[in-house]
Amino acid sequence: MEVKILSARFDIENANRIDVARQHGAYQTLDTLFAMEQADVIETVKASGLRGRGGAGFPTGVKWGFLPKDTGKPVYLAVNADESEPATFKDRYILVRDPHALIEGIIICSYAIGCHDSYIYIRGEYTSQVKILQQAIDEAYAEGYLGDRVAGRNFRLDVTVHRGAGAYVCGEETALLESIEGKKGQPRSKPPFPAVVGLFGCPTIINNVQSIASLPFIITNGADAYKAYGTEKSCGTHLFGISGHVEKPGMYELPLGLPLAEVIETVAGGVWKGRRLKGVIPGGSSTPVLTPDEVATVTLDYESMAAHKTMFGSGGIVVLDETVDMVKLVENLIAFYHHESCGQCTPCREGLGWMLKIVRRLLAGEGTVADIKLLRELCDNIEMKTVCVLSAACTMPVRSYLDKFRDEFEAYAIDGAPEQTELREG
Amino acid sequence: MSDRSQLLATGKSFAFDAETDAEFERLAARYPIRESMIMPALWLAQQQQGWISAETIEYVAERVGTYPAKVFELATFYTMYHLRPVGTYHICVCRTLSCYLRDKQEIVDFLADEAGIRPGQVSDDGRFSLEEVECLGHCGSAPVVQINGEFYEDMNVEKLRALLTTLA
């Protein structure tokens with residue numbers, strides 16, 4: 001099932017070093033690239049069907065097309081390496097194992113959109129990773145792939161790493177821009193969209209690491225070669241991070257469209273310890289949970305996930321075995337989002353705190369059935385009433401647990417804390 | 001670390017050393033506005049001194065050319081800036097989703113009960129400090145522990161006990 005497009009150099013020793021990466025194909029796209037018109041690069045990316053791999057799935061080439069022409073202002077590219085969504089760790093693999101694919105992708109994108117200054121916003125927690133990335137960038141400068149004349153062409157490109165410092169919200173693209181500008185990471189109201197008014201007031205494209213790292217393959221092999229993978233509307237391959245209660249957690253590159261149940265079973269070795277499946281979080285903590293019945297029918301693409309009233313998200317798949325206490329899991333999730341709220345919008349700042357208090361009251365055996373209703377009402381009243389979707393990233397999954405595993409919440413409300421299952425110790 | 005409400009003063013003035021200064025100037029040339037340098041400067045200061053003191057805030061404000069209040073605002077908003085000294089070994093245990101599912105609590109309990117290292121605190125001898133942090137992005141090798149920036153994956157109590165011995 002596994003394929004090697006993005007991960008082609010992942011298992012090669014020292015592929016983070018430019019000489020090794022080059023021996024295995026890095027930077028070989030550039031001759032093709034600079035022979036193309038800028039508009040043709042954008043058209044090729046559009047034709048490839050590549051969609052934003054940060055989680056939203058917006059077509060990458062279409063996003064580039066939103067840049068206004070001839071504004072007289074510089075155009076910026078901000079690469080989103082903030083990956084902080086719980087259960088998501090795919091971009092880290094690119095940053096560490098193949099940073100030159102990212103740099104090559106940045107050159108491709110920058111040429112296409114006419115950008116000469118690119119910033120990589122990397123989460124602060126990636127301490128050892130940022131060193132590897134910076135070393136790769138330094139090598140690219142030394143070898144003439146970055147700087148005043150990229151690969152000997154009349155094209156300047158500077159790439160600067162901007163380190164975050166522990167704020168999940170900075171993965172939201174306008175919060176990311178605020179952070180680079182030296183402000184608190186508080187998302188902006190839109191419109192205007194960043195393509196028109198972005199970084200430093202200038203037109204800006206923000207793309208995820210994996211989206212950018214997908215570009216060398218597309219430019220080298222053409223849009224059709226990329227479209228050969230995946231489904232009609234969910235093209236290409238994706239790095240899936242499988243974690244939680246499976247025998248073989250890890251990172252797997254797969255074409256889109258595979259059946260989730262089969263992937264869990266054959267790629268990740270199935271539910272661990274011979275236990276039964278209780279649910280799957282399909283694409284990072286903010287995506288609504290799927291029941292075993294839903295897992296049996298869903299496929300790993302944007303359309304099937306939407307049809308199952310959840311989201312493809314970031315490809316961070318979390319498998320939950322039968323011992324998971326869904327009320328405790330929800331407490332863990334709400335605590336995360338409450339901690340990460342930037343504090344700008346009252347419904348999020350206060351509301352997520354109320355939700356946390358209520359679920360903790362239930363866990364303490366002091367809650368009532370009315371609390372469950374209240375929790376669900378709060379979800380409805382918080383969602384879409386804020387500048388960004390951080391609050392919805394909490395309320396959407398919480399609602400799914402309330403609806404699909406309501407009996408567990410009721411058990412806490414009616415009987416207090418339930419008995420520990422024997423399996424917990426095993 | 002735990003208390004982020006107030007700045008501590010060291011009573012000594014702060015300034016970048018020569019190497020840090022050179023990195024500050026290299027980065028400053030990359031941004032069209034000076035305020036973009038507040039975060040990088042805070043990182044450089046923390047790298048040099050280990051934490052952010054009242055004097056550091058003043059110094060960064062002066063170097064960037066902004067108000068100390070603006071630097072303070074960012075130093076408190078972004079939780080990775082330490083406003084208190086941390087231990088010689090600063091331990092971060094991921095508390096979120098996949099690490100939670102794969103028993104991160106056993107690690108936290110071990111550190112508290114056996115090693116006497118509690119979340120938000122620095123040990124009496126100053127050697128260890130512990131923080132429970134949000135998702136560290138190593139979910140496929142959960143639970144994960146980060147010590148002074150280095151990641152230790154697929155952790156369990158036995159491995160951590162052995163690791164602490166090597167740090168002793």
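To find a chain, count down the sequence lines: A is the first, B the second, and so on, and within it residues start at 1.
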Taking [X] for its side chain and [Y] for its backbone only, find out whether a donor-acceptor pair lies under 3.5 Å.
| X | Y | result |
| --- | --- | --- |
| A:Ser243 | B:Gly140 | no |
| A:His245 | B:Leu101 | yes |
| A:Asn332 | B:Arg95 | yes |
| B:Gln146 | A:Glu125 | yes |
| B:Arg30 | A:Tyr119 | no |
| B:Trp43 | A:Gly124 | no |

* Do you know which of A:Met251, A:Glu340, A:Glu83, A:Lys183 has the most heavy-atom pairs under 4.5 Å to chain B? ->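 With the most close heavy-atom pairs to chain B, the winner is A:Lys183.
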So [Y] and [X], do their side chains get closer than 4.5 Å, heavy atoms only?
| X | Y | value |
| --- | --- | --- |
| A:Ser179 | B:Met39 | yes |
| B:Phe151 | A:Arg92 | no |
| B:Glu150 | A:Thr127 | no |

* What part of B:Leu27 is in contact with chain A, defined as an atom under 4.5 angstrom from a non-hydrogen atom: side chain, backbone, both or neither? -> side chain
* **Heavy-atom proximity to chain A below 4.5 Å, by part of B:Tyr78** => both
* Of all the residues in residues 55-74 of chain B, which have a heavy atom that comes within less than 4.5 Å of a heavy atom in chain A? ->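 Counting heavy atoms that sit under 4.5 Å from chain A, the residues of residues 55-74 of chain B involved are B:Lys70, B:Glu73, B:Leu74.
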* Asked: Angle class for the A:His162/B:Tyr31 ring planes (parallel below 30°, perpendicular above 60°, tilted otherwise)?
  ->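 Answer is perpendicular, since the angle exceeds 60°.
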* Asked: Counting only heavy atoms not in B:Asp21, do more than 12 fall under 6.0 Å of its CG?
  -> yes
